[in-house]
Amino acid sequence: MEPCCDLQHWEAVLEKIAEDCEKSDRDIDELLVLPVTKGFDYQLVRTAWEFGFRTFGENRVAEYLEKRQALSEHPAASANWHMVGHLQSKKVKKIIGEFDLIHSFDRHSLVDEFNRRQTANDPVQKILLQVNISGENSKYGIEPEKAPALLEAVLNSEHLWPVGLMTMAPWTDDKSVIRKTFAGCRTLRDGLAEKFDIALPELSMGMTNDYQIAIKEDATILRLGRLFFGERD
Ligand SMILES: *Cc1c(COP(=O)(O)O)cnc(C)c1O
């Protein structure tokens, strides 16, 4: 059995996540466990669909479009897809109406590009603001001080709708740093929701290495690749 497609392992991972949730007085049913299928081909998505997953995360537009095409004859074609990776402005026109949620909305030029490309017939695009809480973890994500202006621009655009925040913790073994990052993201979310008087229910935080900490800090979406599917090439 290829490590990617070991269904018993997937069951065990879900049970483990459910236990981790219980320890934090949370219910796995209030979380979206988002399998990130990047780096694996469409056959993995097919197997994961048959297993019961209905929403998948991808981090590159070209790879997503290829898989989507390869799946067109399969029920998995009707899956929900989330874009979790950095989104180049020039790719926006290719993904209008494709993703149920974009996690990586991190700059004003994306607002402009969506406004330019979306038509009245296109569904409203739900997005998460990706924020760079720790200031060091990544070149992507907007600085927390600049998040209010970006959120305002999103709210002013007709076809975009913000539903929460996404962040990535720095690569470190220091759990307190990771925890502070996730807690900072939640605090920022709470402040923005109050300032703009809107609901921002979603917190996309936690990957294979740090999802247990994210659960403790009220994550609502866990983005998990290697935990389910093993190492990517
Ligand atoms: C690849 C990826 C993930 C999943 O990472 P794992 O460490 O494999 O769980 C989550 N979020 C983003 C943005 C990714 O690119």
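When a ligand or atom number is given, it counts from 1 through the structure's own listing order.
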Ligand-side contact atoms (ligand 1) for residue partner [X], heavy atom cut-off under 4.0 Å:
X: L224; answer: 9 (O)
X: R226; answer: 6 (P), 7 (O), 8 (O), 9 (O)
X: N59; answer: 15 (O)
X: G225; answer: 4 (C), 6 (P), 8 (O), 9 (O)

If you have a sec, work out which protein heavy atom is nearest [atom] and how many Å separate them, to one decimal?
atom: atom 6 (P) of ligand 1; answer: T208 OG1, 3.4 Å
atom: atom 1 (C) of ligand 1; answer: K38 NZ, 1.5 Å
atom: atom 3 (C) of ligand 1; answer: M207 CE, 3.7 Å
atom: atom 13 (C) of ligand 1; answer: V84 O, 3.3 Å
atom: atom 11 (N) of ligand 1; answer: R223 NE, 2.8 Å

For ligand 1, note which part of H103 has a heavy atom under 4.0 Å away: side chain, backbone, both or neither.
neither
Any donor-acceptor N or O pair under 3.5 Å, side chains [X], [Y]:
X: D174; Y: T172; result: no
X: S104; Y: Q130; result: no
X: H103; Y: E202; result: no

Cluster link V177 to M207, ILVMFWY, side chain under 4.5 Å
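No; tracing contacts between hydrophobic side chains, which count when under 4.5 Å, never links both residues.
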In terms of the angle between their ring planes, are Y64 and F99 parallel, tilted or perpendicular, with boundaries placed at 30° and 60°?
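Correct class here is tilted.
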When the ring centroid of F53 is compared with that of F228, is the distance short of 6.0 Å?
yes
What are the two closest heavy atoms between L224 and T208, and how far apart are they?
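Taking L224 first and T208 second, the nearest heavy atoms are CD2-N, 3.7 Å.
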